[in-house]
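In what follows, every chain begins at residue 1, and chains take the letters A, B, ... in the order their sequences are listed.
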Number of protein chains: 2
Amino acid sequence: MSEVPEPRVSLNEVAYRRLRSEIITCRLAPGQRLTEKQLAADLGVSTAPLRDALTRLDHEGLIHTVPFKGYRVAPLTPRSIDDLFVVWRIIGPEVIRLGMTRASDDQLAAARAAFDEMGDRVPGDAGAVHDIDLVNATFGTLAEATGNDYLVTVYRRLMGDMSRIRALRLTSEVDDPSATSEGHWVRHVLAERDPDRAAEQARRHIDEVHQRVLQAVVRWPSVMSSEVSVSQPR
Amino acid sequence: MSEVPEPRVSLNEVAYRRLRSEIITCRLAPGQRLTEKQLAADLGVSTAPLRDALTRLDHEGLIHTVPFKGYRVAPLTPRSIDDLFVVWRIIGPEVIRLGMTRASDDQLAAARAAFDEMGDRVPGDAGAVHDIDLVNATFGTLAEATGNDYLVTVYRRLMGDMSRIRALRLTSEVDDPSATSEGHWVRHVLAERDPDRAAEQARRHIDEVHQRVLQAVVRWPSVMSSEVSVSQPR
DNA sequence: CCGCGAAATGTCGCAGGCAAAGAATGGAGC
DNA sequence: GCTCCATTCTTTGCCTGCGACATTTCGCGG
């Protein structure tokens, strides 16, 4: 009925999305120095839209800017990772609780359907989804179900940073086969509509992931951005 | 003796600070349309640094941008206000709890001293501080005491939006003389170092303010930005 | 009264110049 | 001969002005 009207998108938007994607997938390593001209050349845009993107990412926390000096990808240290989990542990369960109380039946059914669909993908596939992706997607839809735009914004940003952690090569440790098994807790939570229990399950899940990531960080401290010296771009 | 190193500040920074100040004090009314040239002329800067500031404020949620159409100050509706309080209620108490557990004795003493100093100001003075300012300042120092930079960032943004609500003329309703009396709860909380109790007190405080603001909004719906948000489908 | 097209308003993006920070170089002192 | 410091030079972020495109508005014709 409605032709997608080709949502014209500004260049600063594509620069932002692309740069953000490069960062949260760690193709641009944490701590790496960034220069305007180099990035502009790589992205095929001028400095103006690029600066726009850099500004947004700085305010988002993915880039650190030192005025008149330069930009660099926000370092990812054990400390910052821990900070992130602390905040996630505070907000995450409450998002779930609120979502479970406020979501309509349709929204809940949609979340359940989305979860099942994603879960059906075969592990090992190119587009295979990790357990964290699965849970995050469900959490995201529930956050939207709260109807609280502010909360959604905060949570989205949180999930973005979370993706960056996952993009490190810790995934093999983080992934837990048992978590993706049939009787996944998310399935139960989405079925029974018990806000308190759902929040508790979410908290437990977050704590588990936190512990696993902590152990992984201890095992591979090399992936952290300990040295941020002059690394020539490209 | 101590030469102030004159921290060179970029134009986009002054544009950002000034524009943000104009917004959170509601000198720029919620929902008001903004044009680049007008603002650039008012602030005495060119369009480039202004756009930088606008971008940051948009990402911060204080400005809504529609690509290729224009900017406007983020509307302030009863709904958005409620959203804000919901998030504050989630984060605030945990910030206090974490601050009370992690803060050093010196930090706690500093927070207490700052609170007493601010509280000593005579009501009615030009620089008189409202109860909310008082509490927010204390909360802010405690947030920093957590050592969690991420949490501090989130909380700072929250406090900014809170200022905007207070800047509406609801203050006379929001202010409660009893709250600023001698035995203020913050004083007790800062003295005894009981994280759980502190968090509980904070939660209670937030709920009280929430209720008062709600009542004020009901009494004066006129200050809300109801007339401008035509094209704002949620 | 309604649809259509052209002017006006305003945003988006580019190229270039300016100034500051850091790197490189040359010279003086030990 | 080595080290340290001052100066020069290059890199790089910051900003101004202008031109191009999109959106809205207004006027004309039907």
Side-chain angles (χ1 to χ4, degrees), chain A residues 3-20 23 28 31-60 62-74 227-234, chain B residues 3-20 23 28 31-59 62-74 227-233:
Chain A
E3 276 289 335
V4 175
E6 180 169 354
R8 173 175 180 80
V9 62
S10 52
L11 265 190
N12 64 52
E13 185 68 23
V14 324
Y16 167 75
R17 292 184 190 173
R18 200 162 157 165
L19 197 49
R20 182 185 151 91
I23 291 176
L28 284 175
Q32 178 170 342
R33 173 113 187 261
L34 302 176
T35 68
E36 289 183 349
K37 288 177 183 173
Q38 185 62 47
L39 280 180
D42 290 349
L43 297 177
V45 299
S46 183
T47 59
L50 175 69
R51 275 182 58 79
D52 208 277
L54 287 171
T55 300
R56 291 164 71 177
L57 289 168
D58 172 70
H59 207 280
E60 195 172 346
L62 289 177
I63 279 183
H64 286 182
T65 303
V66 182
F68 304 99
K69 283 192 58 179
Y71 314 87
R72 63 180 51 222
V73 180
E227 35 76 39
V228 281
S229 63
V230 212
S231 56
Q232 34 79 24
R234 292 193 65 90
Chain B
E3 276 293 333
V4 176
E6 184 175 351
R8 174 181 171 81
V9 61
S10 53
L11 268 190
N12 64 52
E13 186 67 24
V14 323
Y16 167 75
R17 291 183 190 174
R18 202 166 154 155
L19 196 50
R20 182 185 150 91
I23 292 176
L28 284 176
Q32 179 172 340
R33 176 112 187 260
L34 302 175
T35 67
E36 289 182 348
K37 287 179 183 174
Q38 184 64 46
L39 279 180
D42 291 348
L43 297 178
V45 298
S46 184
T47 59
L50 173 70
R51 290 197 62 228
D52 208 275
L54 286 171
T55 300
R56 290 164 72 176
L57 290 168
D58 171 71
H59 205 279
L62 290 177
I63 280 184
H64 285 183
T65 303
V66 183
F68 301 98
K69 282 191 57 179
Y71 315 88
R72 65 178 51 222
V73 181
E227 74 276 20
V228 259
S229 55
V230 184
S231 56
Q232 287 294 333

Taking the side chain of B:Thr35 as its heavy atoms from C-beta onward, which of C:dG13, D:dG13, C:dT11 lies nearest to it?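 Taking heavy atoms from C-beta onward, the closest nucleotide is C:dT11.
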Among C:dC14, C:dC12, D:dC15, which nucleotide sits nearest the side chain of B:Ser10?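 Closest nucleotide among those given: D:dC15.
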State, without any angle test, whether A:Glu60 and A:Tyr16 hold a side-chain donor-acceptor pair at a distance under 3.5 Å.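 Checked: A:Glu60/A:Tyr16 side chains pair up, N/O donor to acceptor below 3.5 Å.
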Quickly work out the [X] [atom1] to [N] [atom2] distance and round it to whole Å.
X       : N      : atom1 : atom2 : result
B:Tyr71 : C:dT9  : OH    : C1'   : 14 Å
A:Leu43 : C:dG13 : CG    : P     : 13 Å
B:Glu36 : C:dT9  : CD    : C1'   : 12 Å
B:Leu11 : C:dC18 : CG    : P     : 17 Å
A:Asp52 : D:dC14 : CG    : C1'   : 15 Å
B:Leu50 : D:dG17 : CG    : P     : 14 Å
A:Arg33 : C:dA21 : CZ    : P     : 13 Å
A:Glu13 : C:dT11 : CD    : C1'   : 15 Å

Check the phosphate of [N] against [X], side-chain N and O only, distance under 4.0 Å to OP1 or OP2. Yes or no?
X       : N      : answer
A:Lys69 : D:dT12 : no
A:Arg51 : D:dC14 : yes
A:Asn12 : C:dC12 : no

Please classify the nucleic acid contact of A:Leu34 as base, sugar-phosphate, or nothing, using heavy-atom distances under 4.0 Å.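 Touches sugar-phosphate only.
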Please say which of B:Asp52, B:Thr55, B:Asn12 ends up in a side chain to side chain donor-acceptor pair (under 3.5 Å) with A:Thr55.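 Of the listed residues B:Asp52, B:Thr55, B:Asn12, the side chain to side chain donor-acceptor pair (under 3.5 Å) partner of A:Thr55 is B:Asp52.
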Residue whose closest nucleotide on DNA chain C lies nearer the 5' end, A:Pro49 versus A:Pro67: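 Closer to the 5' end of DNA chain C: A:Pro49.
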Mapping A:Phe68 and A:Thr47 onto DNA chain C by nearest heavy atom, which one lands closer to the 5' end?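 Whichever sits nearer the 5' end wins; that is A:Thr47.
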Taking side chain as C-beta onward, heavy atoms only, is A:Tyr71 less than 4.5 Å from A:Gln32?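 Sidechains of A:Gln32 and A:Tyr71: no contact.
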Can you check whether B:Leu34 reaches B:Arg72 side chain to side chain, under 4.5 Å on heavy atoms?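 Contact flag for B:Leu34/B:Arg72 side chains = no.
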Pair A:Arg18 + A:Glu13: basic N to acidic O under 4.0 Å: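 Salt bridge: no.
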